[in-house]
Amino acid sequence: MRGAAGLLCAVLVAGCTQVSGTPGAQSGVESRAQPGRLPVDLQVGPERSSGGVVLSGGMPAPYNYGPTVLQDGGQYQVWWCSQLPGIGPPGDDVLHAASGSLDGPFTASGGAPAVPVFSGQPGGFDGMHTCDPSVLRVDGRHYLYYTGAAGDDHAHGNSIGVASSADGRSWRREAGGAPIVTPSGEVHRENTYGAGQPSALYLDGWFYLMFTDTTAAGAGWNGAGQFVLRARDPEFRDQVQALTAEGFRPAGGARARSVVDAFSADWMWVPALDAFAIAHQTADGTSVTFWNRDFTEHPYSPVLIPGPWQEGPGLARRPDGTAPVSTSDPCGTVPLDVLRATALLPAPTDIRHFGVDVTGVDGCASPKQAAAVLNGFAVPSPERTVDVVHDGARVRIERRSVAELLVTRVLDRRVPAVAELPVVGTIETGAKALRAPSGEVGLVDAEGRLWTVPPEVAEANGSAVVDVPETEWAAYLRGGDLRR
């Protein structure tokens, strides 16, 4: 069993309860929003919450907090900070569990409450503690950003590392096992936490990282503040830029620009709002603050997700860190859901689910927004066919029953902005169907391009599948992959 030092360290070193100040308290951090239009007040639907605790490491885990949540198909995958006896060094571990609902129960395969997937690496900057996970999946690979510390001495001991994985369970440290973000050391404060509590997302070819640095010039008196870096690669080595008062500039200057006065925040990009949403704790629950794409103004007033809390929220997000899309009203509703610790026993634990819907949104007003929001949906076309929205374009399908197998939902009405997206393929009833030696199945569109589909789609389309050699399969011009 781990002793009191390990538990204390989880709170004061790698955790997000800080040694001075209160999350959400006014710290004098300057957000530097430029004067412009007044923020729009969003409509908010009824609150929702789980009946009780949805996520834990089981009886041996003395604390559970700092979750990161990915909505992946019909599953929610969660990684969070905890501690299990006999797992790695005596410090914080990252656990994993999954569920078909945010209201749980979350379990590991085999029915256990959770499984440890990442722990300290003796001799490294993260030799004792790995905590505050933030997970993305980009191009089929998972990336884990985390707070690491070598020991219990919390004098600027925290830094941020990154690991990668094919399945989200077996992780390999990247960047040579070195930290990718370290404390700036610009200001000495009573709060000696350092750099940590990362939250990552992927947008327009950039990896974005938001994090705490209690030593930054732009942090408040208590160390509160959230700073932003972005880079073209997940290890933050290529074209690294920092958000400054003048926008994004090459990293290396002072960390003077904070985007929210908070500790332990999480964020996502919301296509339907064309804005970043940052979730952070305030007196009455989780506040969600919005920034436009270039961080020059707050386009919307903050939204509150009420309820008890003790430690930082984890937003339910899609694998790339963008907002989930409402299946019933994708263009008009944005679901905002968080998992967060709600008790202090004596460290943060008892993770529960809380959420609200933002309603009345015009989320498909422009073709760019409609393409992002409705990716994986379908709409009726003027040709009495169905248009599947896929990667910023439309694929026209003659049979509605076939389209229904390819998308989350076929909407009942046309969306005007979708009509401005290009049609890049038409799959006719009875189109030629091919099967590669690997077992992949594809339908050939009217222009001769090959679209990969689930095997049952070919049958629903009335297409007889023909086995072909790899050379013939590879010779076709690719349309795309329509498998969900």
Side-chain angles (χ1 to χ4, degrees), residues 1-19 57-58 60-68 79-97 108 112-135 141-183 185 192-198 200 209 211-215 234-237 264 347-349:
M1 294 292 292
R2 303 211 172 127
L7 182 59
L8 180 65
C9 179
V11 180
L12 296 187
V13 179
C16 45
T17 299
Q18 302 292 321
V19 295
Y63 50 86
N64 301 273
Y65 64 90
T68 179
W79 297 258
W80 72 100
C81 187
S82 188
Q83 185 184 86
L84 291 177
I87 304 298
D92 296 334
D93 307 311
V94 174
L95 307 189
H96 173 267
V115 59
V117 295
F118 199 70
S119 298
Q121 179 169 270
F125 82 97
D126 54 358
M128 182 173 287
H129 300 287
T130 56
C131 193
D132 308 312
S134 181
V135 176
R141 191 144 188 93
H142 293 77
Y143 296 97
L144 164 67
Y145 296 88
Y146 65 96
T147 307
D152 288 347
D153 179 5
H154 56 275
H156 306 305
N158 288 337
S159 295
I160 297 171
V162 62
S164 73
S165 170
D167 61 6
R169 294 166 181 80
S170 299
W171 295 94
R172 179 186 72 197
R173 284 168 168 79
E174 301 293 354
I180 62 170
V181 179
T182 58
T192 57
Y193 174 86
Q197 302 173 339
L209 191 67
F211 58 96
T212 299
D213 182 358
T214 63
T215 72
E235 298 180 32
F236 282 75
R237 293 179 173 178
S264 191
T349 192

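Note that this is a predicted model, so its numbers are computed, not measured.
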Handout entry: Exam field: side chain Asp132 to backbone Thr147, donor-acceptor pair closer than 3.5 Å
Key = no
Handout entry: Heavy-atom closest pair, residues Asp93 and Ile87
Key = OD1-O, 3.5 Å
Problem - Arg237: partners by salt bridge (Lys or Arg N to Asp or Glu O under 4.0 Å), with sequence neighbours left out - result: Glu235
Exercise for the section: Consider only side-chain N and O atoms of Gln197 and Ser264, and report whether a donor and an acceptor are under 3.5 Å apart. Expected result: no
Exercise for the section: Check whether any side-chain heavy atom of Tyr63 lies under 4.5 Å from a side-chain heavy atom of Trp80, and answer yes or no. Expected result: no
Practice task
Could you tell me whether the side chain of Thr214 and the main chain of Gly194 form a donor-acceptor pair under 3.5 Å?
Solution key: yes
Fill in the blank from the handout: Taking every heavy atom of Phe211 against every heavy atom of Pro198, the minimum-distance pair comes out as CB-CA, 4.2 Å
Exercise for the section: Working to the nearest 0.5 Å, report the span between NE2 of His142 and CZ of Arg172. Expected result: 14.0 Å
Problem - Donor-acceptor pair, side chain of Tyr145 and main chain of Pro234, under 3.5 angstrom - result: yes
Exercise for the section: Could you check if a side-chain atom of Thr212 sits within less than 4.5 angstrom of a side-chain atom of Tyr193, using non-hydrogen atoms only? Expected result: yes
Problem - Side-chain donor-acceptor pair present, Asp92, Thr130, cut-off under 3.5 Å - result: no
Exercise for the section: Rounded to the nearest 0.5 Å, what's the gap from OG on Ser165 to CH2 on Trp79? Could you check? Expected result: 8.5 Å
Practice task
Could you list the residues that satisfy side-chain hydrogen bond (donor to acceptor under 3.5 Å, both in side chains) with His96, not counting sequence neighbours?
Solution key: Gln77
Exercise for the section: List for me each residue that meets side-chain hydrogen bond (donor to acceptor under 3.5 Å, both in side chains) alongside Thr182, sequence neighbours excluded, and say none if there are none. Expected result: none
Handout entry: Side-chain heavy-atom pair Arg173, Asp126 within 4.5 angstrom cut-off
Key = yes
Practice task
Walk me through it: do Tyr65 and Cys131 pass the test side-chain contact (heavy atoms from CB on, under 4.5 Å)?
Solution key: CA-CA 9 Å; Tyr65 64 90; Cys131 193; 3.6 Å; yes
Practice task
Kindly give the heavy-atom pair with the smallest separation between Tyr146 and Ala163, and that separation in Å.
Solution key: CE2-N, 4.3 Å
Exercise for the section: Decide whether Thr349 and Asn64 meet the rule of one side-chain donor and one side-chain acceptor closer than 3.5 Å. Expected result: yes
Practice task
Write down the atom of Leu84, the atom of Gly57, and the distance for their closest heavy-atom approach.
Solution key: CD2-O, 3.7 Å
Exercise for the section: Of all the heavy-atom pairs spanning Ser82 and Leu95, show the shortest one and how long it is. Expected result: CB-CD1, 3.5 Å
Handout entry: Distance-minimising heavy-atom pair for Cys81 and Pro133
Key = N-CD, 4.1 Å
Problem - 4.5 Å side-chain heavy-atom contact, Trp171 and Val135 - result: yes
Practice task
Return yes if some donor-acceptor pair links the side-chain N/O of Thr215 with the main-chain N/O of Pro183 below 3.5 Å, else return no.
Solution key: no
